[in-house]
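Contents: one structure, followed by commentary.
The structure displayed is predicted, hence computed values, not measured ones. Counting begins at 1 with the first residue of the sequence.
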Amino acid sequence: MDKVVIVTGANSGIGLALCERLLTEDARLRLCLACRNMQRAEAAHFALLTSHSDAHVDLLHLDVGSVQSVLAAAQELKSRYKRIDFLYLNAGIMPNPHVDIKAFFKGLFSRNIINMFATAQGILTQQDHLNPDGLQEVFATNLFGHFLLIRELEPLLCPGDHTSRVVWTSSSNARRTAFSIDDIQHRNGTEPYSSSKYASDMLSVALNRHKNSQGLFSSVICPGLVMTNLTYGILPSFLWTLIMPIMWLIRIFTNTFTLTPYNGAGSLHWLFLQTPESLDPRAKYHSLTSGLGTNYTEPQPMDIDNSMCEELYEKLLELEKEVRRRLADRQVNSYTQPNSM
């Protein structure tokens, strides 16, 4: 049977670049683009089939920030496929980013310029809010929705007769200082994106400890500094026009400025070619690009505490029970409400 690969957030940026690279690597793949915006998904589907006319590319509506959407999409996947070989968890949001312009320009003319662009540390905060499920939006989209999807797809990911892979698109913004185990949804902080990405790093470690024996292996990647719609939304367009020549110049001296989605997807593609047993479960696999434009992947150890990973995993399991209970209550109320009138 040909490999089945699911990619969330596949309609643009790194997700779409990954799909292009995967089909170039193996045209026999059964590839599923799991996207929130189906109009953009259709456009991505058309683009992929234009360059790979014989490819088998499916579409799936999935909003990982919505519990009902995740559950419905998982049911659809279980009806379509008997197993899943790769689940790329790439979808993510960074809503309403705010930049400290004074700190930005100060960093632009300092020795900290590379770290500033790579991590946005000290210059970037984001606004977050509750979604209809009562969860923080960034946490729900970047972490919990993907966790729930894995839980729902365990029959396809852990069938017992083969190995499956989960791969998280993390970030250099994933910092331990932005995360609190007592506030996993980051309700009280100003860096929900960084918190959610660090939590995904920890969850990957926990998944390996709990699921490797069942044939499921999890990995984490960092795409480097990539110019996508997410990145362009951070600053006004006129500033990017001024900054981009500087960034291309800096790339000569640092390998973390991958800049293009194709380069950023390099580690995602590289992991597709590796055996899971050869990978380090506590490493983050970084997409890197040399000054001459050569792509390569390099593992770097993550700043992760095992006990905190386990505590996060248990908290997510408890939250899953709570969310399912609330959803069941809403469904019961929706059925009984008309009868009470």
Legend entry - In one Ile/Leu/Val/Met/Phe/Trp/Tyr side-chain cluster, 4.5 Å: Phe46, Met38: no
Inset, instruction - Would you check if the side chain of Gln274 reaches a backbone N or O of Trp270 as a donor-acceptor pair within less than 3.5 Å? - result: yes
Inset, instruction - Scan side-chain atoms only and decide if Thr289 and Asn295 contain a donor-acceptor pair under the 3.5 Å cut-off. - result: yes
Inset, instruction - Consider only side-chain heavy atoms of I, L, V, M, F, W and Y, link residues closer than 4.5 Å, and tell whether Val166 and Leu317 are in one cluster. - result: yes
Legend entry - salt_bridge(Arg324, Glu152) N-O dist < 4.0 Å: yes
Inset, instruction - Taking the side chain as every heavy atom from C-beta outward, state whether Asn90 and Trp168 have any atom pair closer than 4.5 Å. - result: no
Legend entry - Worked verdict on Leu48 versus Leu16 for side chain to side chain contact (heavy atoms under 4.5 Å, CB included): CA-CA 9 Å; Leu48 291 171; Leu16 181 57; 4.0 Å; yes
Legend entry - Ser66 side chain reached by Val70 side chain, heavy atoms, under 4.5 Å: no
Legend entry - side chain to side chain contact (heavy atoms under 4.5 Å, CB included) between Arg165 and Leu271, intermediate numbers included: CA-CA 9 Å; Arg165 308 277 296 282; Leu271 284 171; 4.0 Å; yes
Legend entry - From His52 atom NE2 to Cys19 atom SG, the distance as rounded to the nearest 0.5 Å: 10.0 Å
Inset, instruction - I would like to know whether Val226 and Tyr262 meet side chain to side chain contact (heavy atoms under 4.5 Å, CB included); could you show each step before the answer? - result: CA-CA 9 Å; Val226 180; Tyr262 183 88; over 6 Å; no
Inset, instruction - Report yes if the side chains of Val138 and His186 come closer than 4.5 Å at any heavy-atom pair, otherwise no. - result: no
Legend entry - Distance-only donor-acceptor check, side chains Ser218 and Lys211, under 3.5 Å: no
Inset, instruction - Would you indicate whether the side-chain heavy atoms of Leu156 and Lys78 approach each other to under 4.5 Å? - result: yes
Legend entry - Minimum heavy-atom distance between Leu62 and Ala73, given as atom pair plus value: CD1-CB, 3.7 Å
Inset, instruction - Using atom types as modelled and distance alone, determine if a side-chain donor or acceptor of Asn11 lies under 3.5 Å from a backbone N or O of Arg40. - result: no
Legend entry - Whether Asp63 side chain and Arg36 backbone form a donor-acceptor pair below 3.5 Å: no
Inset, instruction - Tell me yes or no: between the side chains of Glu137 and His129, is some donor less than 3.5 Å from an acceptor? - result: yes
Inset, instruction - Show your working on salt bridge (charged side-chain N to carboxylate O under 4.0 Å, His left out) between Lys315 and Glu318 and close with a plain yes or no. - result: CA-CA 5 Å; Lys315 283 178 177 285; Glu318 288 301 316; over 6 Å; no
Legend entry - Nearest atoms (heavy-atom pairs only) where Phe217 meets Asn212: CD2-ND2, 3.4 Å
Inset, instruction - Would you indicate whether Asp54, at its atom CG, is surrounded by more than 12 heavy atoms from other residues, nucleotides or ligands within a distance under 6.0 Å? - result: no
Inset, instruction - Please check if any side-chain donor atom of Glu76 sits under 3.5 Å from a side-chain acceptor atom of His61, or the reverse. - result: no
Legend entry - Short side-chain to backbone donor-acceptor contact, Ser164 and Ile84, under 3.5 Å: yes
Legend entry - Nearest heavy atoms of Ala41 and Leu59, plus distance in Å: O-CD2, 3.7 Å
Inset, instruction - Indicate whether the side chain of Glu25 and that of His269 have a donor and an acceptor atom separated by less than 3.5 Å. - result: yes
Legend entry - Arg28 atom CZ, over 12 foreign heavy atoms within 6.0 Å: no
Inset, instruction - Taking atom CD of Gln39 as the centre, report whether more than 12 heavy atoms of other residues, nucleotides or ligands fall under 6.0 Å from it. - result: no
Inset, instruction - Please confirm whether the backbone N or O of Asp133 pairs with a side-chain atom of Asn131, one donor and one acceptor, at under 3.5 Å? - result: yes
Legend entry - CG on Asp305 to CD on Glu311, rounded to 0.5 Å: 9.5 Å
Inset, instruction - Please check if the side chain of Arg282 supplies one atom and the backbone of Ile304 the other of a donor-acceptor pair under 3.5 Å. - result: yes
Inset, instruction - Could you check whether the rings of Phe144 and Phe139 sit parallel, tilted or perpendicular, using 30° and 60° as the cut-offs? - result: parallel
Inset, instruction - Mind checking the OG-CZ spacing from Ser219 to Phe86? Nearest 0.5 Å is all I need. - result: 8.5 Å
Inset, instruction - Examine the side chains of Asp201 and Ser170 and answer whether a donor and an acceptor come within less than 3.5 Å of each other. - result: yes
Inset, instruction - Decide yes or no on side chain to side chain contact (heavy atoms under 4.5 Å, CB included) for Thr297 and Leu288, but give the supporting numbers first. - result: CA-CA 6 Å; Thr297 297; Leu288 301 171; over 6 Å; no
Inset, instruction - Establish whether Leu312 and Met302 are linked, either directly or via other cluster members, by ILVMFWY side-chain heavy-atom contacts under 4.5 Å. - result: yes
Legend entry - Straight-line distance of Arg151 CZ to Leu71 CG, nearest 0.5 Å: 12.0 Å
Inset, instruction - Could you tell me whether the side chains of Asn263 and Thr260 share a donor-acceptor contact shorter than 3.5 Å? - result: yes
Legend entry - Close side-chain approach of Cys158 and Leu216, heavy atoms under 4.5 Å: yes
Legend entry - Check: Ser53 side chain, Thr50 main-chain N or O, donor-acceptor pair, under 3.5 Å: no
Legend entry - Sole candidate of Leu22, Val4, Val57 that passes side chain to side chain contact (heavy atoms under 4.5 Å, CB included) when paired with Leu29: Leu22
Inset, instruction - Give a yes or no answer on whether the side chain of Ser195 reaches the backbone of Glu191 with a donor-acceptor pair at less than 3.5 Å. - result: no
Legend entry - Inter-residue atom distance His162.NE2 - Leu157.CG, 0.5 Å rounding: 7.5 Å
Inset, instruction - Give a yes or no on whether Leu273 and Leu18 share a hydrophobic cluster (residues Ile, Leu, Val, Met, Phe, Trp, Tyr; joining criterion: side-chain heavy atoms under 4.5 Å apart). - result: yes
Inset, instruction - Classify the side-chain pair Ser267/His286 by whether it contains a donor and acceptor separated by less than 3.5 Å. - result: no
Inset, instruction - May I ask you to decide whether Asp26 forms a salt bridge with Lys3, counting only side-chain N to carboxylate O separations under 4.0 Å? - result: no
Legend entry - Considering all heavy atoms, the nearest Leu268-Tyr88 contact: O-OH, 2.9 Å
Legend entry - Tyr313 and His210 aromatic ring geometry - parallel, tilted or perpendicular at 30°/60° bounds: parallel
Legend entry - Any side-chain heavy-atom pair of Val167 and Leu89 under 4.5 Å: no
Inset, instruction - Compute whether any side-chain donor of one residue and acceptor of the other, for Asp128 and Gln136, lie under 3.5 angstrom apart. - result: yes
Legend entry - Heavy-atom side-chain proximity of Pro159 to Gln214 below 4.5 angstrom: no
Inset, instruction - Considering only NZ, NE, NH1 and NH2 on the basic side and carboxylate oxygens on the acidic side, decide whether Arg325 and Glu322 come within less than 4.0 Å. - result: no
Inset, instruction - Check whether Leu148 and Ile6 end up in the same hydrophobic cluster, where Ile, Leu, Val, Met, Phe, Trp and Tyr are linked by side-chain heavy atoms less than 4.5 Å apart. - result: yes
Legend entry - Distance-only side-chain donor-acceptor flag, Asn142 / Ser196, under 3.5 Å: yes
Legend entry - Taking every non-hydrogen atom, the tightest pair across Cys222 and Lys284: CB-CD, 3.7 Å
Legend entry - Cation-aromatic face contact Lys197/Phe179, 6.0 Å, 45 degrees: no
Inset, instruction - First locate atom CG of Asn188, then atom CG of Asp183, and finally report the distance between them rounded to the nearest 0.5 Å. - result: 4.5 Å
Inset, instruction - Keeping the roles fixed (side chain from Lys321, backbone from Leu316), state whether a donor-acceptor pair exists under 3.5 Å. - result: no
Inset, instruction - Indicate yes or no for a side-chain donor-acceptor contact from Tyr198 to the backbone of Asp303 under 3.5 Å, with no hydrogens or angles considered. - result: yes
